[in-house]
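A, B, ... follow the sequence lines: proteins, then strands. Residue 1 opens every chain.
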Number of protein chains: 2
Amino acid sequence: MSEPSLACCTPLTGTPMSAEQAEQVAPLLKALADPVRLRLVSLIAASAGGEACVCDLNDAFDLTQATISHHLKVLHTAGLLDREKRGVWVHYSVRPAALDAVATLFTTAVPA
Amino acid sequence: MSEPSLACCTPLTGTPMSAEQAEQVAPLLKALADPVRLRLVSLIAASAGGEACVCDLNDAFDLTQATISHHLKVLHTAGLLDREKRGVWVHYSVRPAALDAVATLFTTAVPA
DNA sequence: TTAAGACATCGATGTCCGTCGATGTCTCCG
DNA sequence: CGGAGACATCGACGGACATCGATGTCTTAA
């Protein structure tokens, strides 16, 4: 399933983006372009230890467990979340490198 | 059509995001979560004067003029692009504040 | 072994989205 | 006035997506 290579990216501003680069980064943004998934990432990132188990995540939404599981899978497939099974529970954590890659996109060559 | 208020946003990391905040920011990301639109923004931002006319933009893609026009409208409606008609041509420019808002999302409280 | 609980997967359904050809609107030029 | 060119809008179509209920898989406890 070829783990996405976390497309390193030059900032949006500055140099025009290549088609290939755009194709690589767009899925990352698409994975984040959903209110539920945005909150999921935020909840996980803000949790103690930078990780959270699905059971806690479920309670934060008025959605079916199946739906939450689906969203977590999307984020994991996009390379934004790591997955670790510990006993009965599954813990998800944020991949900092993935967020950094996206951040780089919007960082307009910060001046000194 | 209530110009989007360019939801100022706390970083994803740190504090959990509210549902309202997520609903505000998600459309911005959704507008950017497309390879074509990503390249459009990049092309415009990288152009001289920070703006570009549709005629030039059309040539950069193997897509119909109608499709490019559609994508530009999506970006404009999301508040990411400004539109100015000058004679026969229409010039689009990037709204820095919009990109900054998104950048803030992914800026993980940079350490010293 | 059996039962219960935590997640994932499956199949269905309604909605949204990208793309296109055709057509409309506006502006400039002759 | 009339034509040409730049861009927007419209209507349609195929594919993708969010959500759900039902069911499957795995782990721990009794």
In whole angstrom, what separates A:Glu84's CD from C:dC7's C1'?
-> 15 Å

Return the value, rounded to whole Å, for the distance between atom CG of A:Leu81 and atom C1' of C:dC7.
-> 15 Å

Length of the line joining B:Arg37:CZ and C:dG18:C1', which is rounded to integer Å = 8 Å

Got B:Met17 and A:Leu38 here, is their nearest side-chain heavy-atom distance under 4.5 Å?
-> yes

Measure from the side-chain N and O atoms of A:Ser18 to the backbone N and O of A:Gln21, and report whether any donor-acceptor pair falls under 3.5 Å.
-> yes

Distance in angstrom units between B:Arg39 CZ and C:dG18 P, rounded | 16 Å

Could you give me the CA-CA distance, side-chain angles and deciding distance for B:Arg83 and B:His76, then say whether side-chain hydrogen bond (donor to acceptor under 3.5 Å, both in side chains) is met?
-> CA-CA 7 Å; B:Arg83 201 181 102 94; B:His76 178 243; 5.4 Å; no

Does any non-hydrogen side-chain atom of A:Phe106 lie less than 4.5 Å from one of B:Leu32?
-> yes

Pair B:Arg39 + A:Glu23: basic N to acidic O under 4.0 Å = no

With B for base contact, S for sugar-phosphate-only contact and - for none (protein heavy atoms under 4.0 Å), nucleotides 8-16 of chain C reads BB-------

Treat primed atoms plus P, OP1 and OP2 as sugar-phosphate and everything else as base, then score nucleotides 25-30 of chain D 5' to 3': B for base contact with protein heavy atoms under 4.0 Å, S for sugar-phosphate contact only, - for none.
-> -SSS--

Atom-pair distance (NE2 on B:His71; P on D:dC7), nearest Å = 17 Å

In terms of side-chain heavy atoms of B:Thr64, which of D:dC7, C:dA6, C:dG21 is nearest?
-> C:dG21

For B:Asn58, which contact category applies under a 4.0 Å heavy-atom criterion: base, sugar-phosphate, or nothing?
-> nothing

C:dG18 P sits how many Å from B:Leu32 CG, rounded?
-> 12 Å

More than 12 heavy atoms of other groups within 6.0 Å of A:Asp62 CG = no

hydrophobic_cluster_shared for A:Leu40 and A:Val74, side chain cutoff 4.5 Å | no

Non-hydrogen side-chain atoms of A:Phe61 and A:Val36 separated by less than 4.5 Å = yes

Determine yes or no for a side-chain-to-main-chain donor-acceptor pair under 3.5 angstrom, with A:Thr104 supplying the side chain and A:Asp100 the backbone.
-> yes

B:Leu75 atom CG is separated from C:dC17 atom P, nearest whole Å, by 13 Å

